[in-house]
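Report on one structure; see the data block that follows.
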Amino acid sequence: MQVQFKHVLAVILGIAWVLLAAGCGMIDDRAQRYVDAPEGEPLEAPEGQSIVRKREAWPIRDVGAAGNAGLRPGEIPRPPDTTADILEENYLLESLDDNTWVLINEVPGRVWPSVSAFLNDKGLGVATDSTQLGLIQSQVANYSRRARDLLEIPDDADADQVTLVQARVAPGIRRKTTEVQFRVRKVDQAPGELLAWESQSQAPELERRLLESFAAFLKGREDNKSYSRAALRMSSAPKVKLLSEGDQAAGIEMAVSYDRAWAEVRRTLDEAGIPLVDLDRSEGQFYVDYRSEEERSTGWFSWFRDEPEPRYTFYIRLDEREDGIFVTTGKAEDYDGSDRSQRLLSTLFEYLY
């Protein structure tokens, strides 16, 4: 029986070796074709016309040589990371309960002028603002036909109330991002001062449509970005901090509500590809599988098996504090593998911020 097993194993290894060798021969090495490729002609517009946005569809790394002179197959540059260019053109609407905001991959100083421009473009105008508070307040919308149509104010609206819009511009949770929210406010008369921001939305659907319109407005102005020096006074303190004690990371401090922190950690697990085994919102804990690839591997024969089921090996805990939410990680009591809780905390911070 043992001889038969060795014979079968030898056959399997022989077939695998043949397939591997054949695969290497089937993969086309295009390095030489890259070197020999002729340089393209510059893009020119038809006579009498101009190209508004002339740039590469995807980033192309400079090879540092005149054309392909002196370039060898082994010196071909690696493709650049396109994430930055993709995010630069991305205006993402995010929601939590009845609150919706547009996430913009730009610093607040560049977003602030665009919010004012949007309000003016829609007939709302700007009555007052405060860069320190990050608030912009429109004029009364009832006296502008464009503004009335935008906010869906009927012609027979209550004459004892007027409608205006507030915009809140704040640094985002993620690095170098900005979050913009709108509030449609109904008041008894035109205010003579900046109103306090309302945390709860009274018209979530209408405000979401305003944000969609604002995102489309931003896309149309990508080549006309401006910067507000006044907006430099806006708070730029990060909402996510990695705190340390000595040489060890102690936890992540998040200056947001519990609901927002919970949603952000959940998003982070999805983006980082960390298997979620279970969760307990009342206890503020996520139970995850953060074993290393070696610990999850079942050996050489794992090629012929399905992916192993995730198992609870580490936890992520959210605790409410006076200044926000404190996130910590730890190893499951019944898990005897290596302690990777510090690495898990670093991964969370990397994807959160």
Side-chain angles (χ1 to χ4, degrees), residues 16 78 80-84 86-87 92 94 96 103 105 171-177 179 236-353:
R78 298 179 64 85
D81 182 11
T82 61
T83 305
I86 294 173
L87 291 177
L92 179 64
E94 298 184 329
L96 180 63
L103 176 67
N105 192 60
I173 289 181
R174 278 160 266 188
R175 184 183 293 110
K176 294 183 180 179
T177 62
E179 296 175 4
S236 58
K239 293 184 178 180
V240 180
K241 298 178 182 178
L242 182 64
L243 304 183
S244 301
E245 293 180 356
D247 296 334
Q248 298 291 319
I252 299 172
E253 186 178 78
M254 301 182 68
V256 294
S257 67
Y258 181 86
D259 291 341
R260 181 70 188 278
W262 182 270
E264 289 294 330
V265 172
R266 182 67 184 270
R267 172 191 62 80
T268 293
L269 294 176
D270 291 338
E271 292 185 358
I274 300 174
L276 176 63
V277 179
D278 200 359
L279 50 81
D280 188 338
R281 187 183 175 92
S282 61
E283 293 293 327
Q285 291 204 160
F286 293 87
Y287 305 94
V288 301
D289 186 355
Y290 197 63
R291 291 173 293 168
S292 65
E293 291 293 334
E294 291 77 13
E295 290 173 315
R296 276 190 269 188
S297 174
T298 56
W300 189 84
F301 286 99
S302 61
W303 288 8
F304 306 100
R305 298 177 182 174
D306 295 333
E307 285 289 325
E309 288 292 325
R311 53 174 287 214
Y312 163 46
T313 55
F314 293 86
Y315 66 82
I316 302 167
R317 182 175 180 83
L318 277 65
D319 292 301
E320 291 189 82
R321 296 187 175 182
E322 292 184 1
D323 50 356
I325 308 300
F326 195 63
V327 182
T328 55
T329 58
K331 189 174 74 167
E333 291 183 359
D334 59 351
Y335 175 57
D336 57 1
S338 59
D339 188 354
R340 306 178 76 234
S341 55
Q342 285 280 305
R343 185 164 184 173
L344 174 57
L345 193 65
S346 297
T347 300
L348 291 175
F349 178 73
E350 178 184 346
Y351 279 85
L352 281 170
Y353 188 57

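Nothing here was measured: the structure is a model prediction, and the numbers come from that model.
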Task: Neighbour count >12 (heavy atoms, 6.0 Å) for atom CD, Glu271 - done: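 Enclosed: over 12 neighbouring heavy atoms sit under 6.0 Å from CD of Glu271.
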
Enter the distance from [X]:[atom1] to [Y]:[atom2] here, rounded to the nearest 0.5 Å.
X      : Y      : atom1 : atom2 : value
Glu253 : Phe349 : CD    : CZ    : 11.0 Å
Leu269 : Ile274 : CG    : CD1   : 5.5 Å
Thr313 : Asp336 : OG1   : CG    : 11.0 Å

In terms of side-chain geometry, is the basic nitrogen of [X] or [Y] positioned less than 4.0 Å from the acidic oxygen of its partner?
X      : Y      : value
Lys239 : Glu264 : no
Arg321 : Asp323 : no
Arg174 : Glu350 : no

Minimal non-hydrogen separation, [X] against [Y], with atom names:
X      : Y      : answer
Leu276 : Asp278 : CD1-O, 3.2 Å
Arg311 : Tyr335 : NH2-CD1, 3.7 Å
Arg266 : Phe286 : CD-CE2, 4.0 Å
Thr328 : Gly251 : CG2-CA, 4.4 Å
Ala250 : Leu345 : C-CD2, 4.1 Å
Leu96  : Ala263 : CD1-CB, 4.2 Å

Open item on the list: For a side-chain contact (heavy atoms from CB on, under 4.5 Å) check, start with the C-alpha distance between Arg175 and Val240, then their side-chain angles and the critical distance, and finish with the verdict.
Closed with: CA-CA 9 Å; Arg175 184 183 293 110; Val240 180; over 6 Å; no

- [ ] Show your reasoning for whether side chain to side chain donor-acceptor pair (under 3.5 Å) applies to Ser341 and Tyr290.
- [x] CA-CA 8 Å; Ser341 55; Tyr290 197 63; over 6 Å; no

Do side-chain atoms of [X] reach the backbone of [Y] as a donor and acceptor pair under 3.5 angstrom?
X      : Y      : answer
Lys331 : Tyr315 : no
Arg260 : Ala255 : no
Gln342 : Ala249 : yes
Asp280 : Gln285 : no

Taking the side chain as every heavy atom from C-beta outward, state whether [X] and [Y] have any pair of such atoms under 4.5 Å apart.
X      : Y      : answer
Val327 : Asp319 : no
Ile252 : Leu243 : no
Leu318 : Trp262 : yes
Ser346 : Arg343 : no

Task: Test log, rule side-chain contact (heavy atoms from CB on, under 4.5 Å), inputs Val265 and Ile316 - done: CA-CA 9 Å; Val265 172; Ile316 302 167; 4.3 Å; yes

Open item on the list: Between Asp339 and Phe314, does the side-chain contact (heavy atoms from CB on, under 4.5 Å) criterion hold? Intermediate values first, please.
Closed with: CA-CA 9 Å; Asp339 188 354; Phe314 293 86; 3.8 Å; yes

Open item on the list: Go through it in stages, so that I can follow the logic: the residues are Val256 and Ile173, the test is side-chain contact (heavy atoms from CB on, under 4.5 Å), and I'd like the CA-CA distance, side-chain angles, deciding distance and then a yes or no.
Closed with: CA-CA 9 Å; Val256 294; Ile173 289 181; 3.7 Å; yes

